[in-house]
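A note on names: the letters A, B, ... follow the listed sequences, proteins ahead of strands, and every chain is numbered from 1.
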Protein chains: 2
Amino acid sequence: MPMARPTIADIAERAGVSKGAVSFALNGRPGVSEETRRRILAVADEMNWRPHRAARSLGNSRAGAVGLILSRPARTLGLEPFFGQVVSGLQAGLAEDGTALQLLVVEDPEAEMAAYRTWTAEKRVDGFVLLDPLIEDPRFPALEALEVPVMVLGGPLADTSLSFSWADDSEAMHEAVDYLAALGHRHVVHVAGMPQFLHTKRRMDVLTEAKERHELAEVVSIPTDYSDSEGAVITRRVLSRRDRPTAIVYDSDVMAVAGLGVALEMGVRVPQDLSILSFDDSLLARLTHPALTALTRDTQGWATEAARELLRLIADPTLTVRHQSSTPVLVPRESTAPPAGQ
Amino acid sequence: MPMARPTIADIAERAGVSKGAVSFALNGRPGVSEETRRRILAVADEMNWRPHRAARSLGNSRAGAVGLILSRPARTLGLEPFFGQVVSGLQAGLAEDGTALQLLVVEDPEAEMAAYRTWTAEKRVDGFVLLDPLIEDPRFPALEALEVPVMVLGGPLADTSLSFSWADDSEAMHEAVDYLAALGHRHVVHVAGMPQFLHTKRRMDVLTEAKERHELAEVVSIPTDYSDSEGAVITRRVLSRRDRPTAIVYDSDVMAVAGLGVALEMGVRVPQDLSILSFDDSLLARLTHPALTALTRDTQGWATEAARELLRLIADPTLTVRHQSSTPVLVPRESTAPPAGQ
DNA sequence: AAGCTCAGATAAAGCGGTTAAGTTGGGCCG
DNA sequence: CGGCCCAACTTAACCGCTTTATCTGAGCTT
């Protein structure tokens with residue numbers, strides 16, 4: 001029969017020291033001589049000891065986990081590659097420290113807020129990662145009030161003490177528009193994401209500004225809910241106009257692929273009659289024919305960096321981290337070309 | 001300043017009872033009268049009390065979490081919609097009970113095994129969910145030895161005491177092959193998944209058997225690593241033969257989409273010259289043109305059911321659960337048709 | 001040699017719950 | 001009316017680890 005889980009008391013007995021000494025030794029803090037430390041570590045190793053998580057948490061009031069709470073319809077998780085990337089990226093960063101990732105998917109923002117409160121009150125996690133910051137995000141003040149470490153993926157954020165890690169979407173959007181303008185496009189439609197998202201707004205702002213800079217004839221941003229169906233509907237609508245755009249920028253690859261499908265269905269050739277650019281890259285964008293020109297970024301790496309910053313923040317809650325990760329890069333593929341008649 | 005987190009001691013004092021009574025009341029177990037219970041609950045509610053997770057775990061030796069450990073290259077997580085579906089499905093089932101899902105992504109099977117051991121030793125979780133059972137899966141005996149509740153997603157499993165929840169892949173594959181045969185296909189290639197996976201083997205077996213049953217001229221299963229690139233390479237190879245197949249069944253939608261791309265690139269028309277069927281459905285399969293005929297199933301619902309079963313198992317570890325979920329269903333779309341010259 | 005300091009260890013008090021083992025007092029029985 | 005039982009509570013131990021005193025003795029000072 002397997003021996004019961006050893007505790008530090010067992011180690012202490014076997015090593016002939018006190019529980020306290022064992023704790024000091026195992027945590028690498030002063031209070032024991034080097035020699036005793038080595039002896040204790042040897043015994044612990046020999047007995048195959050592992051700290052009991054709950055006991056440790058109770059003792060030092062660290063949960064050893066951080067929370068990620070998503071309020072999107074659950075099925076979105078499987079659809080948007082973004083989530084998988086973020087989750088595995090976060091996980092990688094946290095794992096370096098032995099910290100776990102607790103995931104919760106809820107249906108609405110109220111449930112999300114409730115979960116922040118509950119998990120904080122239960123000391124279930126040491127901090128949170130927030131996705132998709134909104135323009136006037138009600139979660140920010142609430143979380144500030146909870147006085148819990150938070151790392152927002154997105155930004156930059158003003159008017160909040162919360163930490164964030166951002167990528168320069170504006171710059172990336174500039175690059176995209178400059179590229180299209182250089183190709184000779186003057187009628188550009190932007191199929192955007194949810195208008196309340198901060199990054200959606202920033203992208204739309206760049207577009208408005210770009211219109212003047214490049215003396216474009218038309219630049220419109222149309223907000224959506226990120227679904228493939230809205231992407232398709234809007235594409236169908238703008239391609240049905242007499243004065244149709246020669247280029248469309250999509251805020252997600254799912255919408256871009258849906259849009260491409262509509263173009264095919266309507267006999268609009270890509271890229272001859274229409275250029276398509278996706279502000280989001282993934283396998284999806286590469287598997288289509290033609291493959292989609294996209295703004296690509298290392299989402300996973302970004303999330304890993306953010307996770308590390310969050311761990312720093314948890315270690316020292318007085319910090320406010322403002323971290324910037326690399327700017328998305330334009331990867332030209334087959335879906336963009338100069339407009340016909342150019 | 002915010003009042004410190006209330007503990008049951010605070011509640012006890014305020015309600016004029018002992019800590020024990022409070023614990024009984026809050027957990028709905030006998031030992032207090034209905035009236036006292038109500039009073040205690042009222043006080044707890046008023047003080048906005050939440051149980052401290054670690055304390056509770058230490059007391060009743062339940063971690064209140066289950067683990068999901070994946071050993072796949074981290075990027076796969078973002079690529080395969082399957083994972084997102086499973087994660088959100090599990091999460092939904094566990095949430096009903098307030099149980100959390102701990103996720104870990106590791107690079108290789110050794111690290112996966114190490115994590116099972118560590119998490120069990122640390123009492124970090126109460127049980128595990130296993131994905132992708134292998135034919136002679138070394139994880140099974142190891143986990144049996146650890147004496148920890150486990151629910152395998154896949155099966156059916158023999159020679160193990162582990163519980164599992166399965167969907168009848170064989171039956172589904174039958175349906176797919178019958179359909180193709182009925183359309184008139186006699187040369188069918190199966191671009192399979194990893195050969196060591198149990199479900200890959202079962203699908204391949206069905207195909208072999210189907211060959212005789214339907215008197216097909218050719219039926220080949222070609223194992224792959226599930227990557228889009230292998231899917232493409234193999235498709236290119238089989239389509240280059242003089243005697244090319246008239247239908248290809250892919251074990252994942254990612255490979256199916258990649259295969260469709262190759263067909264387009266080679267001027268092979270789908271479905272006129274080639275029928276494509278995907279043994280896996282997701283947005284991906286629906287967004288392509290033509291949309292892919294696929295075997296579809298409610299992965300998320302399956303995971304939710306499995307999660308519930310795992311909770312039962314944790315409550316009563318003597319159980320061995322054998323749960324069957326619904327069989328995948330064939331959804332004909334545009335990528336399948338009778339072969340040319342039929 | 002008395003007085004200090006300080007490293008190296010011990011003992012014991014938590015941390016916030018759960019739970020086994022008492023302790024009451026009222027109702028019911030013969 | 002004494003004896004018993006049982007529901008309703010209380011006490012206190014315990015879960016496994018951390019952490020804050022507290023203790024001890026060797027080495028230095030003066």
Polar-atom pairs under 3.5 Å, protein N or O versus N or O of nucleotides 11-15 of chain D: list them with distances, or write none.
unit_1, atom_1, unit_2, atom_2, d
D:dC15, O2, B:Leu58, O, 3.4

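Phosphate contact (OP1/OP2 of D:dT19, side-chain N/O of A:Arg56, threshold under 4.0 Å): absent. OP1 or OP2 of D:dC17 has not a single side-chain nitrogen or oxygen of A:Ser23 nearer than 4.0 Å.
A salt bridge does not link B:Glu122 to A:Arg56: none of the charged side-chain nitrogens sits closer than 4.0 Å to a carboxylate oxygen. Ionic pairing of A:Arg312 and A:Glu309 is present here: one or more N-O contacts between side-chain nitrogen and carboxylate oxygen are shorter than 4.0 angstrom. The pair A:Arg72-A:Asp132 meets the salt-bridge criterion, with a side-chain N (NZ, NE, NH1 or NH2) lying under 4.0 Å from an Asp/Glu carboxylate O.
For A:Asp137, the salt bridge (charged side-chain N to carboxylate O under 4.0 Å, His left out) test picks out A:Arg139, with sequence neighbours left out. Judged as a salt bridge (charged side-chain N to carboxylate O under 4.0 Å, His left out), and not counting sequence neighbours, A:Arg39 has no contacts.
Here salt bridge (Lys or Arg N to Asp or Glu O under 4.0 Å) pairs that include residues 89-103 of chain A, with residues two or more places apart or in two chains, are A:Glu96-A:Arg308. Each ring-ring contact (aromatic ring centres under 6.0 Å, His included) pair with one or both residues in residues 55-104 of chain B, not counting sequence neighbours, would appear here, but there are none.
Among the protein residues, A:Pro51 comes within range of the sugar-phosphate backbone only, with heavy atoms under 4.0 Å from sugar or phosphate atoms but none that close to a base. B:Ser57 comes within 4.0 angstrom of no nucleic acid atom, judged by non-hydrogen atoms across all strands. Using a 4.0 Å heavy-atom cutoff across all strands shown, B:Val17 reaches sugar-phosphate atoms only and no base atom. Nucleic acid contact for B:Arg29: sugar-phosphate only, since backbone atoms but no base atoms lie under 4.0 Å from a heavy atom of the residue.
Atom CG in A:Leu26 sits roughly 15 Å away from atom C1' in D:dT19 (whole-Å rounding).
Contact footprint of chain A on DNA chain C: nucleotides with an atom under 4.0 Å from a non-hydrogen protein atom, first to last in 5' to 3' order, C:dG8 to C:dG16.
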